[in-house]
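All chains are named by letter (A, B, ...) in the order of the sequence lines, taking the proteins before the strands, and each is independently numbered beginning at 1.
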Amino acid sequence: MPELPEVEVSRQGIRPYLENQRISKIVVRDDRLRWPVPITLQDAVGCVVHEVARRAKYLLLKTDKGTIMIHLGMSGSLRVLNSDVSAEKHDHVDIVMETGLCLRLNDPRRFGSVLWEPGDVLQHKLIATLGPEPLTDDFTAQLLFERSRHRKAPVKSFLMDNHNVVGVGNIYANEALFTAGINPKRAAGNISLARYKVLVDDVKDVLAKAIKQGGTTLKDFTQTDGKPGYFVQELQVYGKAGKPCPKCGELLQSLKIGQRNTVFCSDCQR
DNA sequence: ATGGTGACCTGACCGC
DNA sequence: TGCGGTCAGGTCACCA
């Protein structure tokens, strides 16, 4: 589920229940996530969460002693509920607040992670080398253009590479390249500045729109039914191989780029 | 440095 | 009903 929009929607959803509240207990039912959940995570107990931030797809629960870093991987999701609600399958970690509410991570595939960084979280190994946030002014066509010169990797792989820009996952890479009219196989180094301008605008548009719409589905993070999820979006190409292109009617093609399913229109995307 | 691949996991789905 | 194969929204480590 999580691409950047869902992570941001999750951040907004959990924030009111965590900010300025003290952590009273952390329950780790299964520490076998992408990286083992560290024992030091318990250092967060007793701390007040003063900010719920986000960097790339990491949610950052900041305290005076350090930061809890949560990544949802491919299948993770978060809920806020009363801590006495019994855990279900794949409910691996609870961060229990003094209010009696807890943040509960469910992650069937265990590709997610929960880590503890006592120092500057932006210097953490997994975060320090990341590219700019797509929804800030740091993400520019000029940057993509310069970074991509002499690169022969497909533009789709280039766009999904966290070192160039964070938070563009498979769905939105497909969507943005479609909207921008760029063939996903085209070498990144072979795309003009003008076309990167279009692409950057379209990446921003599609992400912003998804966040906005995702927000509307998120009625109440404390509900136990209906997980806070993504919902059906107006996706134009993702998951629609073999169907007509929304622009020209030609059938959408699919192929694998970097092991990921890629859908595009061979007429509209050059 | 770059780019391509395997690996980490579970669950849903499809065809036999 | 069961079994095997395939696929899935991420991303790091490793090798040529």
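- A:Lys240 places its NZ atom 16 Å from the P atom of C:dG9, with the value rounded to the nearest Å.
- Grouping Ile, Leu, Val, Met, Phe, Trp and Tyr by side-chain contacts under 4.5 Å, direct or through others, puts A:Leu60 with A:Trp35, A:Tyr58, A:Met69, A:Leu115, A:Val121, A:Leu122, A:Leu126, A:Ile127, A:Leu130, A:Val166.
- Between A:Asp94 and A:Arg104 there is a salt bridge, with a side-chain nitrogen of the basic residue lying less than 4.0 Å from a carboxylate oxygen of the acidic one.
- Distance, A:Leu72 CG to C:dT11 C1': 14 Å, rounded to whole Å.
- Ranked by how close their nearest DNA chain C nucleotide is to the 5' end, A:Lys256 and A:Gly167 are led by A:Lys256.
- At least one cation-pi condition fails for A:Arg147 and A:Phe145: the charged atom is not both under 6.0 angstrom from the six-membered ring centre and inside a 45 degree cone around its axis.
- Between A:Phe111 atom CZ and C:dA13 atom C1' there is a gap of 14 Å when expressed in whole angstrom units.
- When both distances must be under 3.5 Å, the Watson-Crick or G-U wobble mate of B:dT5 is C:dA13.
- Within 4.0 Å of A:Asn261, counting heavy atoms only, lie sugar-phosphate atoms of the nucleic acid but no base atom.
- Put simply, A:Tyr238 has a side-chain N or O that comes within less than 4.0 Å of OP1 or OP2 on C:dG9.
- Side-chain atoms of A:Ser77 and A:Asn106 include no donor-acceptor pair closer than 3.5 Å.
- The CH2 atom of A:Trp116 sits 6.5 Å away from atom NZ of A:Lys65, with the distance rounded to the nearest 0.5 Å.
- Remark: the separation of the P atoms in C:dC7 and B:dT5 is 15 Å, to the nearest Å.
- Rounded to whole Å, the P atom of C:dC14 lies 16 Å from the corresponding atom of B:dC9.
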(request) Applying side chain to side chain contact (heavy atoms under 4.5 Å, CB included), run through A:Leu18 and A:Leu61 and close with a yes or a no. (result) CA-CA 8 Å; A:Leu18 300 186; A:Leu61 312 188; 4.0 Å; yes
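- Proximity of A:Asn170 to the phosphate of C:dG10: no side-chain N or O atom is located under 4.0 Å from OP1 or OP2.
- An OP1 or OP2 oxygen of C:dG9 is reached within less than 4.0 angstrom by a side-chain nitrogen or oxygen of A:Arg260.
- A close approach under 4.0 Å does not occur between any side-chain nitrogen or oxygen of A:His71 and OP1 or OP2 of C:dG10.
- No side-chain donor from either of A:Thr262 and A:Lys256 sits under 3.5 Å from a side-chain acceptor of the other.
- Between the CD atom of A:Glu6 and the P atom of C:dA8 there is a distance of 18 Å, given to the nearest Å.
- Sorted by residue number, the list of members of residues 113-124 of chain A with any non-hydrogen atom under 4.0 Å from DNA chain C is empty.
- In this structure, A:Asn162 atom CG and C:dG10 atom C1' are separated by 8 Å, rounded to whole Å.
- Both distances falling under 3.5 Å, in either a Watson-Crick or a G-U wobble arrangement, place B:dG11 opposite C:dC7.
- Taking a heavy-atom distance under 4.0 Å as the criterion, the stretch of DNA chain B touched by chain A extends 5' to 3' from B:dT2 to B:dG11.
- Linking Ile, Leu, Val, Met, Phe, Trp and Tyr residues whenever their side-chain heavy atoms come within less than 4.5 Å places A:Leu144 and A:Ile182 in a single cluster.
- Rounded to the nearest Å, the gap between the P atom of C:dT11 and that of B:dA1 is 23 Å.
- Each of A:Gly258 and A:Arg109 lies near DNA chain C, and the nucleotide nearest A:Arg109 is the one positioned closer to the 5' end.
- Spacing between atom CG of A:Asp107 and atom P of C:dG10 amounts to 13 Å, rounded to whole angstrom units.
- In this structure, A:Ile257 places its CD1 atom 13 Å from P of C:dG9, rounding to the nearest Å.
- By the 6.0 Å and 45° rule, A:Lys247 stacks over the aromatic ring of A:Phe178.
- As judged by a 4.0 angstrom heavy-atom cut-off over every strand, A:Arg110 is placed among residues touching the sugar-phosphate backbone only.
- A straight line from CH2 of A:Trp35 to C1' of C:dT11 spans 7 Å, rounded to a whole angstrom.
- A pairwise comparison of heavy atoms in A:Asn174 and A:Lys156 identifies OD1-CE, 3.7 Å as the closest pair.
- Between A:Arg55 and A:Glu133 there is a salt bridge, since at least one side-chain N of the basic residue sits less than 4.0 Å from a carboxylate O of the acidic one.
- Both A:Pro108 and A:Ser157 lie close to DNA chain B; mapped to their nearest nucleotides by heavy-atom distance, the more 5′-ward contact belongs to A:Ser157.
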